[in-house]
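All heavy atoms count here, side chains included; hydrogens, waters and symmetry mates do not. Indexing begins at 1, ligand by ligand and atom by atom, following the structure's order.
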Amino acid sequence: MARYEITGGNALCGEVTISGAKNAAVAILPAAILVGGKCRVENVPDISDVRILLEILRDLGVDVACPEPGVVELDSTEIKSTTPNPELVRKMRASYYLMGALLSRFGQANVALPGGCNFASRPIDQHIKGFRALGANVEEADDYVNLTSDPETLCGHRVSLDVVSVGATVNIMLAATLLPGQTVIENAAKEPHIVDLANFLNTMGARISGAGTDTVKIKGVEQLFGGTYAIIPDQIEAGTYLAAVAATGGDVLVKNVIPKHMDCITSKLAEMGAEITNFDDAIRVRSSGRLHDTTVKTRPYPGFPTDMQAQICVCMSLAKGVSRLTESVYETRFFGYCTELQSMGAEILINGKTAMITGCERLRGAEVTARDLRAGAALIIAGLAAEGVTTVRNIHFVERGYENIIQKLTALGAQIRRLDD
Ligand code: EPZ
């Protein structure tokens, strides 16, 4: 398996351009199934989750072209199957969005349960609740979800989610788009990628309102037409680079961001002593590398994102004083990386949903293993800040969600290289 070798101690300086948002791209690309014709999607990140998804779509009969870097053209006129390739589906998490998209277009789908980061039990009961509310028959058997329906019964409906779920909100939006009648999703997730999906679908002719609030309304339409859409920048990729500069010290202009999406992250880094300056589509971060403690509680958007838990934990492990980090979305997420950070000298005490982190002067390089996407990103930040050499194994997790991470970090002065076993 490939690994990264990092020699820590360099401050990060210069400019980095953020790629398109992974969690928007993996929702928008399956949505192309709903478009009876060609659509062009721009600012698509070149990451393994996207490459796998495009392979799944090609296998279903979607005509997929990549005319230039970051651009994908899709034509779903000739789809020939409603059973995505299970081996590919199991390689990532967001493949379950194919359920909603295929159900909406064809009234049926037979999709294997997804794979992806397993830092917690990740049920899909709310997705299924939504499909059933729209009139679909849903059977779960042998690690498959089989959706069937009678054309007369599939129609819009009210769905009140029992838990704020990004995935369920996305899947129900996709399922409802081409159904007759109106669907109202209550207690919906409000993440930027939910709004991005709604904007993509509306560009293609859908009638979705309320995305970004806790109530999303979808007025079903007969069909969607082609069009062009550019994906928003990745809030979590941007947050990861901001946290890296805060931890290592330095002065970096993070370009191609939407500062509003970053508020929850930049305010916390500023509390810890980083100097943050917002521009229209960029953020400048400066840090001495010596931070001070703070308290963070992860929350659904617009709160501090759970996907930044591991990265801020590294900053806390280098901050003067004792920080508190409480996880309210995935309770077991700490276990993906804290042991590894402790092997680098971090002082972390986990008690249920809360970790107490006592900052130290320097972390020390070590051999560590990534167990999920964001854990891997955090271990890279730790290696950049540590004294000596750090080897991060299982970096395929990282390459699922960070485009050109070696090139981007090297350009900022990091000493990092990729080694294949
Ligand atoms: C999305 O996962 C993201 N993935 C995750 O990012 C992110 O951590 C998560 O949202 C929260 O923001 C993608 O967008 C592809 P949820 P998702 O449904 O949709 C519970 C990354 O690093 N729940 O919002 O799976 C669930 O257990 C990845 O980019 C149910 O109980 O998350 C969790 O406690 C990791 N039943 C909470 O809701 C359901 O049917 C939030 O999960 C669905 C979810």
Side-chain angles (χ1 to χ4, degrees), residues 19-31 45 47-50 52-53 89 91-100 113-133 138 140 145 159-175 185 187-197 214 216 231-232 234-240 261 264-265 298-312 327-334 336-337 353 370-378 397-403:
S19 303
K22 168 179 87 80
N23 291 345
V26 297
I28 286 170
L29 294 173
I47 52 179
S48 57
D49 267 14
V50 163
I52 292 166
L53 205 43
V89 163
K91 287 185 175 181
M92 59 180 290
R93 175 83 191 160
S95 48
Y96 56 22
Y97 292 150
L98 292 156
M99 294 176 194
L113 286 176
C117 292
N118 59 358
F119 46 71
S121 77
R122 299 178 73 183
I124 62 167
D125 59 297
Q126 299 298 301
H127 303 235
I128 289 167
K129 171 180 181 174
F131 297 145
R132 285 186 172 134
V138 186
E140 293 178 81
V145 175
V159 185
S160 178
L161 294 178
D162 302 317
V163 60
V164 175
S165 162
V166 167
T169 303
V170 167
N171 237 335
I172 297 164
M173 284 167 69
L174 293 171
I185 306 171
N187 199 24
K190 302 184 267 193
E191 272 68 6
H193 28 292
I194 302 280
V195 178
D196 214 28
L197 173 64
D214 59 8
V216 179
I231 289 174
I232 54 170
D234 194 313
Q235 172 206 30
I236 305 301
E237 183 196 15
T240 301
H261 291 167
C264 38
I265 299 167
T298 68
R299 281 258 186 262
Y301 191 84
F304 190 92
T306 177
D307 292 348
M308 281 294 299
Q309 184 216 91
Q311 299 92 310
I312 201 79
E327 172 60 38
S328 67
V329 179
Y330 295 112
E331 294 180 11
T332 53
R333 196 159 196 168
F334 289 121
Y337 64 94
K353 296 182 183 180
R371 290 191 172 75
D372 65 65
L373 165 59
R374 306 304 174 185
F397 282 117
V398 177
E399 294 179 348
R400 284 188 47 210
Y402 288 90
E403 183 181 50

Does the [X] side chain pair with the main chain of [Y], one donor and one acceptor, at a distance under 3.5 Å?
{"X": "Ser19", "Y": "Glu403", "answer": "no"}
{"X": "Gln309", "Y": "Thr298", "answer": "no"}
{"X": "Lys190", "Y": "Pro300", "answer": "no"}
{"X": "Arg132", "Y": "Val138", "answer": "yes"}

Task: Shortest reach to atom 36 (N) of ligand 1 by a heavy atom, considering only Asp372, Asp125, Ile124, Ile128 - done: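 That would be Asp125.
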
Atom indices of ligand 1, in the order listed, that fall short of 4.0 Å to a heavy atom of [X]:
{"X": "His127", "answer": "40 (O)"}
{"X": "Arg93", "answer": "25 (O)"}
{"X": "Ser165", "answer": "16 (P), 18 (O), 24 (O), 43 (C), 44 (C)"}
{"X": "Arg122", "answer": "2 (O), 5 (C), 17 (P), 25 (O), 35 (C)"}
{"X": "Tyr96", "answer": "17 (P), 19 (O), 25 (O)"}
{"X": "Thr306", "answer": "8 (O), 11 (C)"}
{"X": "Gln126", "answer": "36 (N), 39 (C), 40 (O)"}
{"X": "Lys22", "answer": "21 (C), 29 (O)"}

TODO: Report yes or no: do Ser48 and Glu399 form a side-chain donor-acceptor pair below 3.5 Å?
DONE: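 No donor-acceptor contact under 3.5 Å links the two side chains.
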
Shortest protein heavy-atom distance from [atom], along with the residue and atom involved:
{"atom": "atom 19 (O) of ligand 1", "result": "Gly167 N, 2.8 Å"}
{"atom": "atom 20 (C) of ligand 1", "result": "Val163 CG1, 4.2 Å"}
{"atom": "atom 39 (C) of ligand 1", "result": "Pro123 O, 3.1 Å"}
{"atom": "atom 3 (C) of ligand 1", "result": "Asn23 ND2, 3.7 Å"}
{"atom": "atom 21 (C) of ligand 1", "result": "Asp307 OD2, 3.4 Å"}
{"atom": "atom 22 (O) of ligand 1", "result": "Arg374 NE, 2.8 Å"}
{"atom": "atom 16 (P) of ligand 1", "result": "Val166 N, 3.6 Å"}
{"atom": "atom 33 (C) of ligand 1", "result": "Tyr330 CE2, 3.5 Å"}

Task: Within 6.0 Å of NZ in Lys353, more than 12 heavy atoms from elsewhere - done: no

Task: Distance, nearest 0.5 Å, that separates CE of Met308 from OG1 of Thr240 - done: 5.0 Å

TODO: Can you tell me which residue pairs pass the salt bridge (charged side-chain N to carboxylate O under 4.0 Å, His left out) test with a partner in residues 91-100, sequence neighbours excluded?
DONE: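 Checked against salt bridge (charged side-chain N to carboxylate O under 4.0 Å, His left out) - neighbours excluded - no pair reaches residues 91-100.
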
Open item on the list: Check this for me: does any side-chain nitrogen of one of Asp234 and Lys22 sit under 4.0 Å from a carboxylate oxygen of the other?
Closed with: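 So Asp234 does not pair with Lys22 through a salt bridge.
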
Open item on the list: Are Ile236 and Tyr402 packed together at the side-chain level, in the sense that at least one heavy-atom pair is separated by less than 4.5 angstrom?
Closed with: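 When only atoms from C-beta onward are counted, Tyr402 and Ile236 do touch, with a gap below 4.5 Å.
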
TODO: Taking the side chain as every heavy atom from C-beta outward, state whether Arg333 and Asp307 have any atom pair closer than 4.5 Å.
DONE: yes

- [ ] Report the part of Leu373 in contact with ligand 1, treating N, CA, C, O as backbone and CB onward as side chain, heavy atoms under 4.0 Å; options are side chain, backbone, both, neither.
- [x] side chain

Open item on the list: Heavy-atom distances under 4.0 Å decide this one: backbone, side chain, both or neither, for Val329 against ligand 1?
Closed with: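 Both backbone and side chain of Val329 come within 4.0 Å of ligand 1.
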
TODO: On the 0 to 90° scale, with breaks at 30° and 60°, tag the His127-Tyr96 ring pair as parallel, tilted or perpendicular.
DONE: tilted

Taking the non-hydrogen atoms of [X], is any one of them nearer than 4.0 angstrom to ligand 1?
{"X": "Arg333", "value": "yes"}
{"X": "Ala168", "value": "no"}
{"X": "Phe397", "value": "no"}

- [ ] Would you mind telling me which of Asn171, Asp162, Asn187 makes a side-chain hydrogen bond (donor to acceptor under 3.5 Å, both in side chains) with Gln126?
- [x] Asp162

